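The model shown is predicted, which means the values in this text are computed figures rather than measured ones. Every number for a ligand or one of its atoms is a count from 1 in the order of the listing.
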Amino acid sequence: MSKGLFITFEGPDGSGKTTQIQELKKYLEKSGFNAIITREPGGTPIGEKIRQIILDKNNQEMDYVTEALLYAASRAQHVSQVIKPALEQGRMVICDRFMDSSIVYQGYGRKLGDSVRIMNEIAVRDCLPDVTFLLKLNPGIGKARIEEGEQDRLELEKMEYHNEVYRGYIELSKQYPERIICIDAGRSIEEIRIEICKHMDSLLVSNSKR
Ligand code: TYD
């Protein structure tokens with residue numbers, strides 16, 4: 001049996017990842033694949049507990065290194081308990097945020113730099129995404145979209161932080177042009193969905209030849 005594909009979605013808060021992830025799952029299932037959706041931080045019982053600690057608005061005193069290590073810890077559990085086993089069973093894994101989020105939110109946003117990549121390499125071992133859809137949306141627009149609902153500790157950060165995160169995403173996409181597919185998220189849900197499905201089709205063809 002061939003290994004499943006590991007697909008991640010990235011982008012600023014409010015870029016519409018959740019909707020597109022659900023659309024992609026439907027598309028993959030219609031094409032005959034078994035697909036699961038999972039998310040970070042979280043995705044496992046231990047990871048969901050870590051998520052509550054990280055996103056709690058009362059934890060204002062959290063040190064940035066603590067924050068980065070908690071994300072990495074949640075990810076290590078997620079990889080070993082959910083992602084790797086599913087891929088080995090030949091399933092498609094669609095993950096809402098992964099290691100790139102830590103590199104941009106903690107590495108760029110919190111200015112922890114390359115140490116974030118190093119701690120995450122320990123967490124994920126060799127389990128890296130086959131493809132990453134980066135939903136590009138001006139962080140100001142994304143922030144305005146989420147301001148209508150209740151915001152968590154990270155979402156409450158200042159605009160300057162979100163701009164730095166976005167800059168990180170752009171740099172990462174230049175560093176890994178083969179893996180990271182940039183999608184203009186300022187368009188309609190349907191236009192974005194069609195573009196993602198087109199990319200997915202060509203990936204499925206090359207995966208079937210692996
Ligand atoms: P989440 O509540 O899932 O929001 P969204 O729907 O925008 O993805 O994400 C939680 C927050 O955690 C979000 O602001 C991004 C941030 N985050 C990091 O800072 N580092 C990470 O490694 C991950 C996975 C998320």
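Of the options Phe98, Tyr71, Phe9, Tyr105, the smallest heavy-atom separation from atom 21 (C) of ligand 1 is shown by Tyr71.
The nearest protein atom to atom 7 (O) of ligand 1, hydrogens excluded, is given as Asp13 OD1, 2.9 Å; this is a heavy-atom distance. The protein atom (non-hydrogen) at minimum distance from atom 4 (O) of ligand 1 is Glu155 OE2, 3.9 Å. In terms of protein heavy atoms, atom 22 (O) of ligand 1 is closest to Ser102 OG, 2.6 Å. Given atom 24 (C) of ligand 1, the protein heavy atom at minimum distance is Arg75 NH2, 3.4 Å. With respect to atom 6 (O) of ligand 1, the closest heavy atom belonging to the protein is Lys17 NZ, 3.9 Å. Among protein heavy atoms, atom 20 (N) of ligand 1 sits closest to Gln106 OE1, 2.8 Å. Arg97 NE, 3.8 Å is the protein heavy atom nearest to atom 9 (O) of ligand 1. From the protein, the heavy atom lying nearest to atom 11 (C) of ligand 1 is Leu55 CD2, 3.9 Å.
When only interatomic distances are considered, the shortest N/O to N/O separation between Arg51 and ligand 1 falls below 3.5 Å.
Under a 3.5 Å cut-off, the side chain of Ser31 and the backbone N or O of Tyr27 do form a donor-acceptor pair.
In this structure, the separation between CG on Leu24 and CD1 on Ile192 is 13.0 Å, given to the nearest 0.5 Å.
Ligand 1 lies nowhere less than 4.0 angstrom from a heavy atom belonging to Met99.
Here Tyr71 and Tyr105 keep their ring centres 6.0 angstrom or further from each other.
Ion pairing between a basic and an acidic side chain is recognised when a charged N comes within 4.0 Å of a carboxylate O; Asp100 and Arg179 show such pairing.
Contacts of Ile54 with ligand 1, taken as heavy-atom pairs under 4.0 Å, are absent altogether.
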